[in-house]
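Working notes, structure below.
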Amino acid sequence: MNRRQSAPRLEFEAAAIYEYPEHLRPWLEALPKQPGVYFFHGESDAMPLYIGKSVNIRSRVLSHLRTPDEAAMLRQSRRITWICTAGELGALLLEARLIKEQQPLFNKRLRRNRQLCSLSIKGDKPQVVYAREVDFSSESGLYGLFANRRAALQALQSIADDEKLCYGLLGLESLTRGRGCFRSALRRCAGACCGKETVAEHDGRFLAAMKRMRLVCWPWNGPISLQEVGETMTQYHIIHNWLWLGAVNHPDEAAELLRTPAGFDHDGYKILCKPLLSGEYLISEFPQ
């Protein structure tokens, strides 16, 4: 059998022989209707098969049980557990951490990306910079978060194509002195490389496009607590440099978490940036 055909066929067969997982019924009655993170466990007590999150754990877990495409995971599952959170924000943060820590078999694997990079436009041309070399939580003039250098350069090229910018002026290809780039002859570059427009006009369009991807530096002097109030509980999320250190029932209980080294966290930034800057939550700084 062709290898390319085997994986789709296995998925089809798993769905075709789907049966409602009756063996999981004992775990359903106690499922809460609260926000939180849930776990499907197999034979191993140490490593779950799947970790998910929802604003309503019960509703979300029941939807898994009715999904033929998840038949393989359901057949291997032996029990279901959960952790309730005050709200959706806490569920998102806890799920992201646990998936990276426990690497469940049926989750898309989230690993700590040692190649995480961004684009810096402090110099004459944009440069790719890496999180292992630059503190993304405090360095200004950074744009976008990318899994690797190739992804960063592809994003830069896409902006150049959309805005008719010059690959040469952006450092994507070399220019011959006194001659326009190849793309200018095809009218894919507006011609800053050959005098058809000014470099200032070119750079203005470039900066305007990049502004949409600008990274926000950590706005506080140190760690903060963010209060999330739910129907049945209140949690205080302890955060520093866009890294979620954990949640406590009261800020006075955060001493242990505050001792955790807080480097920039990609997932934390994506989850927390908008909520932290929206003014929706009560935020308190810890004394320095």
**Request:** Ignoring hydrogens and angles, state whether a donor on the side chain of Asp161 or Tyr167 is under 3.5 Å from an acceptor on the partner side chain.
**Result:** yes
**Smallest separation among heavy atoms of Ala160 and Arg183, with atom names** = O-NH2, 3.9 Å
**Fill in**
Scanning both residues in full, the closest heavy-atom pair of Leu175 with Cys181 reads CD2-CB, 3.6 Å
**Message:** Do Val61 and Ile80 have side chains that approach each other closer than 4.5 Å (heavy atoms only, starting at C-beta)?
**Reply:** yes
**Message:** Take a 6.0 Å sphere around CZ of Arg188 and say whether it holds more than 12 heavy atoms from other residues, nucleotides or ligands.
**Reply:** no
**Item:** Straight-line distance of Trp242 CH2 to Leu276 CG, nearest 0.5 Å
**Value:** 5.0 Å
**Message:** Is there a ring pair (Phe, Tyr, Trp, His ring centres under 6.0 Å) between His64 and Tyr50? Walk through the geometry before answering.
**Reply:** CA-CA 11 Å; His64 281 287; Tyr50 181 83; 5.2 Å; yes
**Prompt:** What's the spacing between Glu197 CD and Ser184 OG if we round to 0.5 Å?
**Reply:** 11.0 Å
**Message:** Does the plane of the ring in Phe40 sit parallel, tilted or perpendicular to the ring in Tyr38? Use 30° and 60° as the thresholds.
**Reply:** perpendicular
**Prompt:** Within a strict 4.5 Å, meaning less than it, do heavy atoms of the Leu93 and Leu89 side chains meet?
**Reply:** yes
**Prompt:** With sequence neighbours left out, what residues match Thr234 under side chain to side chain contact (heavy atoms under 4.5 Å, CB included)?
**Reply:** Gln227, Val229, Tyr236
**Asked** Any donor and acceptor pair, going by atom type alone, linking the side chain of Gln235 with main-chain N or O of Glu228 inside 3.5 Å?
**Response** no
**Item:** Heavy-atom neighbours of Glu231 CD exceed 12 at 6.0 Å
**Value:** no
**Flag, side chain of His202 to backbone of Cys166, donor-acceptor distance under 3.5 Å** = yes
**Prompt:** Would a distance-only check, ignoring hydrogens and angles, find a side-chain to backbone donor-acceptor pair under 3.5 Å from Ser118 to Gly144?
**Reply:** yes
**Asked** Does CG in Asn221 sit with more than 12 non-hydrogen atoms of other residues, nucleotides or ligands closer than 6.0 Å?
**Response** no
**Message:** Would the distance check show the side chain of Ser77 and the main-chain N or O of Met73 forming a donor-acceptor pair, the cut-off being under 3.5 Å?
**Reply:** yes
**Item:** Side-chain touch Phe264/Asn241, heavy atoms, less than 4.5 angstrom
**Value:** no
**Asked** Heavy atoms, side chains only, cut-off 4.5 Å: are Tyr269 and Leu145 in contact?
**Response** yes
**Prompt:** Distance-only, no hydrogens or angles: does the Arg214 side chain make a donor-acceptor pair with backbone N or O of Tyr143 under 3.5 Å?
**Reply:** no
**Pro104 side chain reached by Leu49 side chain, heavy atoms, under 4.5 Å** = no
**Message:** For Phe286, I'd like to know if atom CZ has over 12 heavy atoms of other residues, nucleotides or ligands within 6.0 Å.
**Reply:** yes
**Asked** Do you know which two heavy atoms are closest between Tyr20 and Leu28, and how far apart they sit?
**Response** OH-CD1, 3.6 Å
**Prompt:** With a 4.5 Å heavy-atom cut-off, do Pro126 and Phe206 have their side chains touching?
**Reply:** yes
**Prompt:** Are side-chain heavy atoms of His237 and Ile224 found at a separation under 4.5 Å?
**Reply:** no
**Asked** Just by modelled atom types, is the Val129 backbone N or O under 3.5 Å from a matching donor or acceptor in the Glu133 side chain?
**Response** no
**Message:** So Leu92 and Lys53, do their side chains get closer than 4.5 Å, heavy atoms only?
**Reply:** yes
**Ionic contact status for Lys122 with Glu139, cut-off 4.0 Å** = yes
**Request:** Please report the closest heavy-atom contact between Ser54 and Ala91, naming both atoms and the distance.
**Result:** O-CB, 4.4 Å
**Request:** Ignoring hydrogens and angles, tell me if any N or O in the side chain of Ser44 forms a donor-acceptor pair with the backbone of Met47 under 3.5 Å.
**Result:** yes
**Request:** Indicate yes or no: does Arg79 engage Asp45 in a salt bridge with an N to O separation below 4.0 Å.
**Result:** yes
**Message:** Show the nearest heavy-atom pair for residues Leu172 and Gln157, with the distance to one decimal.
**Reply:** CD1-CA, 3.9 Å
**Message:** We want to know whether Thr67 and Asp69 form a side-chain donor-acceptor pair, criterion being a heavy-atom distance below 3.5 angstrom.
**Reply:** no
**Prompt:** What is the minimum heavy-atom distance between Cys193 and Leu169, and which atoms define it?
**Reply:** N-CD1, 4.2 Å
**Message:** Test your reading of the model: is there a side-chain donor-acceptor pair from Trp82 to the backbone of Pro35, 3.5 Å cut-off?
**Reply:** no
**Request:** Determine yes or no for a side-chain-to-main-chain donor-acceptor pair under 3.5 angstrom, with Asn107 supplying the side chain and Ile99 the backbone.
**Result:** no
**Message:** Test your reading of the model: is there a side-chain donor-acceptor pair from Trp218 to the backbone of Gly222, 3.5 Å cut-off?
**Reply:** yes
**Exceeds 12 heavy-atom contacts within 6.0 angstrom, atom CZ of Arg150** = no
**Prompt:** Out of Arg97, Lys100, Lys270, which one pairs with Asp265 under the side chain to side chain donor-acceptor pair (under 3.5 Å) rule?
**Reply:** Lys100
